[in-house]
Amino acid sequence: MAAAAAAAAAAAAAVACHRPCPQIPKPDPYRLSFSSSSSMKNSTKPYFLPSHTIRSHHLPASLSAAGTTPPWPDDSMSSVPDLLGDKPHEECGVVGIIGDPEASYLCSVALHALQHRGEEGAGIVSTHRAENGGPVSLRSVTGLGLVSHVFEDKSKFDYLSGSAAIGHVRYSTAGAPSSLANVQPFLAGYRFGQLAVAHNGNLVNYSSLRARLEESGSIFNTSSDTEVVLHLIANSKSRPLVSRIVEACESLKGAYSLLFLTEKKLFAVRDPYGFRPLVLGRLRRPGRGIVFASETCALDLIEADYEREVLPGEVVVVDGRDMSVSSLCLVPPKPRKACVFELIYFALPNSIVFGHEVHSSRFSFGEALAEESPVEGADVVIPVPDSGLYAALGYAYRSRVPFQQGFIRSHYVGRTFIQPEQKIRDLAVKLKLAPVKGILEGKSVVVIDDSIVRGTTSSKIIRLIKDAGAREVHMRIASPPMVGSCYYGVDTPRSEELISNRMDVEGVRRAIGCDSLAFLSLQSLRRLYGREAATFCDACFTRNYPVPPSES
């Protein structure tokens, strides 16, 4: 028993990694000691705990524990479609906070900063200690809609009253109806207690894992790939929980930045390739609580200092009892393949992602684009708001062509038409973007955007500029042509729907109707990152997938 306890202590005391994780031997799961509580369930299968939500979950009675009625009214919100509909969408963003008495409130504020990563659902799970000094438990609030809608009722933070919390914002797959059952964090119970999980990414072997688990008797409550992680942990025979997490993640293929919360600890996990971002920071408030988030902009908003990334293949464990931080290697290191599209489009410009300032990267993309594809006689450079802004600034700076805001963007139209008819869809760009005629009329205009997906929005934008009286419209794209779908946590159309997969540059130019078209070359994109270029995933531009997307 002493040897087992020593092994457990050694695993917990592993030094935090600031370089690529060394291959720390995993503790022998069968030798580690584990004290089980008499109140723990006997079942080896996870059962989902009821969530206090804006709209109640409908779980099978066999899997649902008895719950109380939420202390706030039913106020569900329908899914709101993307009126432009021609941009890739990040699937979600995650936040975790431990060591602060206002953890759930700070979590909601941080989720506001990550709202761009998912607008269709939000949720928080926090710890809670009973008023009579009873044991700590986990509580959940999830709902459809924006963070401000889901947590509009401030009484929810009295309900989520503990010193540790994890949160999630979700974007559902394009074309699929929003489902409250799929809104994370997921909260489940199994024989060793409660466990909550929030996931950013996508598992390419989800279907085969789910089929295997269902054959062994697992019952699924959602259509989310995240749920398989909970079942894998519940089925694991390893001890303690960190070993269960490691064993479960060894079965996963694809992209995952995961946060796990128990009654005592917060775990942060990143896949061995580091596809999706995850950073670690520390609150400046008394107690100096630990924060994990998808982007550093979330740290800035809650006044937390950025310390470092969670490294690919790393699991960081924070013990809420003494705020000790330990780190273990999840699996043997693999070559990092961070998503370059985070720097091109997804992340906010005020974030640091994969060690790079996002706004600076985009400015550099614009500069390189101006060097590669200048426009002789151009009068003005304008961005497509808001994604093309910093690339347009870089293009204008390098080309010495004046920069102007040629469009006024409406920030309200996206919530005006809940289920727009086709005529409204056709007017979506006009509703969203208003051209400034005085800037465009009679001019040779260079319009900068971050990417072209299907080409439908680009053609409408060009038509708007020409209708405003522009003499010429030259489109410049601050990324290479998108020819492949993403399988690692980004919602993109099928490859056959991508216009650059079906046409060459001249064909795309004719289809969208501009006078000239140029993309940033893949060579220039890679040159900007030098030796580090090989550590980025650019499969959407090359179809060279680090992890094969086909089911194994």
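The figures here come from the full heavy-atom set of this structure, side chains too, leaving out hydrogens, waters and symmetry mates.
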Starting at CD1 of Ile477, measure out to CG of Leu369 and round the result to the nearest 0.5 Å. 8.0 Å

Taking atom types as modelled, is there a side-chain donor on Ser361 or Ser364 under 3.5 Å from an acceptor on the other? no

Measure from the side-chain N and O atoms of Asp450 to the backbone N and O of Ala478, and report whether any donor-acceptor pair falls under 3.5 Å. no

Hey, is the main chain of Val94 close enough, under 3.5 Å, to the side chain of Ser294 for a donor-acceptor pair? yes

Salt bridge (Lys or Arg N to Asp or Glu O under 4.0 Å) for Glu496 and Arg502? Distances and angles first, verdict last. CA-CA 7 Å; Glu496 57 268 24; Arg502 298 183 284 107; over 6 Å; no

Does Asp379 reach the side chain of Val445, with side-chain heavy atoms less than 4.5 Å apart? no

Would Glu532 and Arg526 pass as an ion pair if we require N to O under 4.0 Å? no

Any salt bridge between Glu367 and Arg362, counting N to O under 4.0 Å? no

With a 4.0 Å cut-off on N to O distance, would you call Asp305 and Arg288 a salt bridge? yes

For the atom pair CD1 (Ile166) and CG (Leu261), what is the distance rounded to the nearest 0.5 Å? 5.5 Å

Roughly how far apart are Asn501 CG and Ser485 OG, rounded to 0.5 Å? 8.0 Å

Students often mix this up, so state it plainly: with edges at 30° and 60°, are the rings of Tyr488 and Tyr545 parallel, tilted or perpendicular? perpendicular

Considering all heavy atoms of both residues, which atom of Leu266 and which atom of Gly96 are nearest to each other, and what is their separation? CD2-C, 4.0 Å

Output yes when a side-chain donor or acceptor of His168 lies under 3.5 Å from a complementary backbone atom of Val183, and no otherwise. no

Can you see which heavy atom on Phe541 is nearest to which on Ser479, and at what distance? CZ-CB, 4.0 Å

Below 30° counts as parallel, above 60° as perpendicular, anything between as tilted: where do the rings of His356 and Phe536 land? tilted

Check whether any side-chain N or O of Lys337 sits under 3.5 Å from a backbone N or O of Ala534 as a donor-acceptor pair, and report yes or no. yes

Flag the pair Leu525 / Pro480 as yes when at least one side-chain heavy-atom distance between them is below 4.5 Å, and no otherwise. yes

Would you say that Leu283 contacts Ile302 through its side chain, given a criterion of any heavy-atom pair below 4.5 Å between the two side chains? yes

Is the distance between the ring centroids of Tyr397 and Phe403 under 6.0 Å? no

Check Arg398 with Glu371, please: is the shortest side-chain N to carboxylate O separation under 4.0 Å? yes

Under the 3.5 angstrom rule, does the side chain of Glu295 hit a backbone N or O of Leu348 as a donor-acceptor pair? yes

Distance-only, no hydrogens or angles: does the Thr296 side chain make a donor-acceptor pair with backbone N or O of Ile352 under 3.5 Å? yes

Minimum side-chain heavy-atom gap Ser459-Arg463 below 4.5 Å: yes

Can a donor-acceptor pair be found, under 3.5 Å and without considering hydrogens, that links the side chain of Lys460 to the backbone of Thr456? no

Is there a side-chain contact (heavy atoms from CB on, under 4.5 Å) between Val340 and Tyr345 once you walk through the steps? CA-CA 9 Å; Val340 74; Tyr345 174 70; over 6 Å; no

Would a distance-only check, ignoring hydrogens and angles, find a side-chain to backbone donor-acceptor pair under 3.5 Å from Ser351 to Val353? no

Pair Thr142, Gln184: side-chain N/O donor-acceptor within cut-off below 3.5 Å: no

Mind checking the OH-CZ spacing from Tyr395 to Phe363? Nearest 0.5 Å is all I need. 13.5 Å

Lys/Arg N to Asp/Glu carboxylate O, Arg170 vs Glu120, below 4.0 Å: no

Closest heavy-atom pair and its distance - Pro546, Ala539: CD-CB, 4.5 Å

Would a 4.5 Å heavy-atom cut-off, applied to side chains only, mark Glu472 and His474 as touching? yes

Got a salt bridge between Arg270 and Glu309, using NZ or NE/NH1/NH2 to carboxylate O under 4.0 Å? yes

We want to know whether Asp271 and Ser257 form a side-chain donor-acceptor pair, criterion being a heavy-atom distance below 3.5 angstrom. no

What are the two closest heavy atoms between Leu433 and Pro435, and how far apart are they? O-CD, 3.7 Å

Beyond-backbone contact of Ile124 with Leu111, side-chain heavy atoms, under 4.5 angstrom: yes

Apply side-chain contact (heavy atoms from CB on, under 4.5 Å) to the pair Ser500 and Val508, showing each step before the final yes or no. CA-CA 7 Å; Ser500 292; Val508 176; 4.1 Å; yes

Which residue, Tyr171, Phe275, Phe341, forms the ring pair (Phe, Tyr, Trp, His ring centres under 6.0 Å) with Phe346? Phe341

Does any non-hydrogen side-chain atom of Val358 lie less than 4.5 Å from one of Asn350? no

State whether Arg276 and Glu342 are salt-bridged, where the test is any N-O pair (Lys NZ or Arg NE/NH1/NH2 against Asp/Glu carboxylate O) under 4.0 Å. yes

Arg285 with Glu303: basic N within carboxylate O range, under 4.0 Å: no

Side-chain (Glu506) to main-chain (Arg509) donor-acceptor, under 3.5 angstrom: no

Measuring from atom CZ of Arg308 to atom CZ of Arg282, what distance do you get when rounded to the nearest 0.5 angstrom? 10.5 Å

May I ask you to decide if Ala378's main-chain N or O and Lys443's side chain share a donor-acceptor pair within less than 3.5 Å? no

Please examine the side chains of Asn182 and Ser223, heavy atoms only from C-beta on, and report whether any two atoms are closer than 4.5 Å. yes

Return the minimal non-hydrogen interatomic distance between Ala103 and Ala164, and the atom names on each side. CB-N, 3.6 Å

Do other residues, nucleotides or ligands put more than 12 heavy atoms under 6.0 Å from Tyr105 OH? no

Closest non-hydrogen atom pair, Lys466 against Gly513: NZ-O, 2.9 Å

Do the charged groups of Asp449 and Arg476 touch, with an N to O distance under 4.0 Å? no

